[in-house]
Every structure is written in C-alpha cells, then in structure tokens.
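Everything on this sheet refers to the single structure shown next.
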Amino acid sequence: GFTFLSSGTQITSLVSTLGCDSIVILNLSVNGIDTNTVDLSICENELPYNWNGLTFLTPGTQIINLTNSLGCDSTIKIILNVTAIPFAPNTSGDMVYCMNEQPAPIEVSGGSGIYTWYTDIELLEILSIDSNYTPEVYLGNMNYYVTITENGCESPAEIVTVEFQACSLVIPSAFTPNGDNINDFWEINDIDLIYPNNTVQVFNRWGNKIYESKKGSYEQSPWNGEINGNPLPVGTYYYIIYYHDQSTGSLNGIVSILK
C-alpha cells in the first residue's frame, strides 16, 4: 500500500504473528534511463555507411533502444554528419618537352585545402604534398595524379600527362678552346641522356683519329680541342657520332676550331 514518487525511504510498523511490534524500513533506489549521443562524421563518398548494424543512406539521426546491465531502458542517439567531397583541382595542363629541356613545375589551383601528388591512379604512392610539382625527366609519357583535401575529405584526382621526347641533338659546328672558360669544349648537350650508348670520334684532315669518347660518357669528358694534352691548330676537323641504338644510324659532320 506504499506509493513512492521518487527514490527514498519509508518506515512502517507492523505486528508479527507472535503479537510483537515489527518495524519495516523500505529503501527504494531508482536507476535513471541511460541516454547517450554519438556524433559521427564521414565523407560523402563513404555513403551508405554502416554503424553497429545501422545503415545510413543519407546524413541524419537514428535512435536505438536497449536494456542496460541493470535492466533499465537505455537510449542511444546516433547523429551522422556528411561532408561533401571537393571538386578535383585545376592544373596547368599536360606538357611536352624535349629531353634536353628543363620542365616547368605543374601548377595546381582551386580550393583552399591540401594538394597531394601521386604516381598511381589508385592514389597509394605519394610523390609530394604541395601546390606544384616539377616532373622528373623520363623518355616517354608519365602520368601524375593530384587531389585536394578539404575538411578531411579528398577529391577525385586530376590527371596530368608529361611527355619527354628524344628531340634532335644540337651539334655545334665550331668552338673556341682558348682558355677563357667560354665555349672551350665541343659540348653536345644531352647526348648521353638521349643516346646512352653513344661514342664520338674526331679526325684530322688526314683521317687520323685524334679523339674518341668512352661509351655513353661524352658529356663527362667532351673534346677540348687537344690531342695528348697539346692544343690543335685552328682548322676544320671531322667527326663521326655512333648512336648505337636500333633506330638511329651514325652521323658524320664537320667541326671547326676557332680562336
């Protein structure tokens, strides 16, 4: 017959079966309902999202009613926040170079997040984290993939293709080996890079060989207009360049020493 409106204690006096007084103390403890809120944040491309058996198709709120360890009701409110994926960044575009050119950095813009450069379309191997990237020199095509990350979400990749071509060599027709440190060597730029198996031979007007480079190493020791350490006179000399590849034959020509 006792009514409790809240937790607390009530005392009643009773008479036992033996006719004696009996005091009964009633203690009521009330356990509250557990209410918890779980905030989740994901990127848009992670939808549909599963959390402990709940599936979210869109951002929003779902409520789970459970029973806690004390046998009381327990409520969990799950709030899912979804962040939009940024657009792929803008770049300075595809580029084509000769092997003997120094490439310009690839510039990227759009958004205010972090730019990440990758070597692969799966976006697994990071090259750099910067707003520009200078491509390395490789004969042929190379693709670079760049994304932007804003608010923890990464955009799709923008693809940039850079091509390096084996353009024709520039072979000087003369040089001035006079010791002034200007044009003192017969320099054939990038010959070792474009034709890594090349050899260069130089002859005088009587057909005597006066210079021969080591295979693939002309630029390390270009002809200086000497033979055995002795300067050669002003005049016209003849060269043969052997490229030693499957598609390019040898090249003959004339080079002059001027002073």
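Atoms considered below: every heavy atom in the structure, side chains included; atoms not considered: hydrogens, waters and symmetry mates. The chain is numbered in sequence order, starting from 1.
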Exercise: identify the closest heavy-atom pair between Asn197 and Lys215:
O-CG, 3.4 Å
A side-chain contact here means heavy atoms from C-beta on lying under 4.5 Å apart; do [X] and [Y] qualify?
{"X": "Pro156", "Y": "Ile85", "answer": "yes"}
{"X": "Thr176", "Y": "Lys259", "answer": "no"}
{"X": "Lys214", "Y": "Ser221", "answer": "no"}
{"X": "Ile63", "Y": "Thr75", "answer": "yes"}
{"X": "Asp184", "Y": "Phe175", "answer": "no"}
{"X": "Ile191", "Y": "Glu219", "answer": "yes"}
{"X": "Thr199", "Y": "Ile240", "answer": "no"}
{"X": "Leu251", "Y": "Ile171", "answer": "yes"}

Set of residues satisfying ring-ring contact (aromatic ring centres under 6.0 Å, His included) with respect to [X], sequence neighbours excluded:
{"X": "Tyr97", "answer": "Phe164"}
{"X": "Tyr195", "answer": "Tyr243"}
{"X": "Tyr118", "answer": "none"}
{"X": "Phe56", "answer": "none"}

I need the [X] [atom1] to [Y] [atom2] distance, nearest 0.5 Å.
{"X": "Ile257", "Y": "Glu226", "atom1": "CD1", "atom2": "CD", "value": "9.0 Å"}
{"X": "Ile64", "Y": "Asn36", "atom1": "CD1", "atom2": "CG", "value": "11.0 Å"}
{"X": "Cys43", "Y": "Leu47", "atom1": "SG", "atom2": "CG", "value": "10.0 Å"}
{"X": "Leu127", "Y": "Thr134", "atom1": "CG", "atom2": "OG1", "value": "11.5 Å"}

Linked, directly or transitively: [X] and [Y] (ILVMFWY side chains, under 4.5 Å):
{"X": "Ile227", "Y": "Val200", "result": "yes"}
{"X": "Leu258", "Y": "Ile210", "result": "no"}
{"X": "Tyr49", "Y": "Val38", "result": "yes"}
{"X": "Ile159", "Y": "Met95", "result": "no"}
{"X": "Tyr242", "Y": "Val255", "result": "no"}

Under 6.0 Å between ring centres: does that hold for [X] and [Y]?
{"X": "Tyr144", "Y": "Tyr133", "result": "yes"}
{"X": "Tyr211", "Y": "Trp186", "result": "no"}
{"X": "Tyr218", "Y": "Trp223", "result": "no"}

Are more than 12 heavy atoms from other residues, nucleotides or ligands located less than 6.0 Å from atom CG of Leu124?
yes
By side chain to side chain donor-acceptor pair (under 3.5 Å) - contacts of Glu46 (at least two apart)
none
Where do Thr161 and Asn141 land on the side chain to side chain donor-acceptor pair (under 3.5 Å) test, with the steps shown first?
CA-CA 7 Å; Thr161 301; Asn141 293 341; over 6 Å; no
Given side-chain contact (heavy atoms from CB on, under 4.5 Å), test Val160 with Asp94 step by step and report yes or no.
CA-CA 5 Å; Val160 180; Asp94 298 341; 4.0 Å; yes
Quiz: residues 76-83 side-chain donor-acceptor pairs under 3.5 angstrom, not counting sequence neighbours:
unit_1	atom_1	unit_2	atom_2	d
Asn81	ND2	Leu40	O	3.3

Using atom types as modelled, flag every donor-acceptor pair under 3.5 Å from a side chain in residues 102-116 to any protein atom, sequence neighbours excluded.
unit_1	atom_1	unit_2	atom_2	d
Tyr115	OH	Gly110	N	3.4
Tyr115	OH	Gly110	O	2.7

Do Asp192 and Asn198 get their side chains close enough for a donor-acceptor pair, meaning under 3.5 Å?
yes
For Glu158 and Thr91, does a side-chain donor sit closer than 3.5 Å to a side-chain acceptor?
no
State which residues pass side-chain contact (heavy atoms from CB on, under 4.5 Å) with [X]; sequence neighbours excluded, sorted by chain then number.
{"X": "Ile182", "value": "Asp180"}
{"X": "Leu193", "value": "Met99, Val137, Asp190"}
{"X": "Lys209", "value": "Gln201, Phe203, Glu212"}
{"X": "Pro86", "value": "Ile148, Glu150, Cys153, Ser155"}

Ile254: hydrophobic cluster co-members (side-chain, 4.5 Å)
Tyr238
Determine whether Leu123 and Tyr145 satisfy the following criterion, side-chain contact (heavy atoms from CB on, under 4.5 Å), listing intermediate values before the conclusion.
CA-CA 8 Å; Leu123 309 182; Tyr145 306 84; 4.0 Å; yes
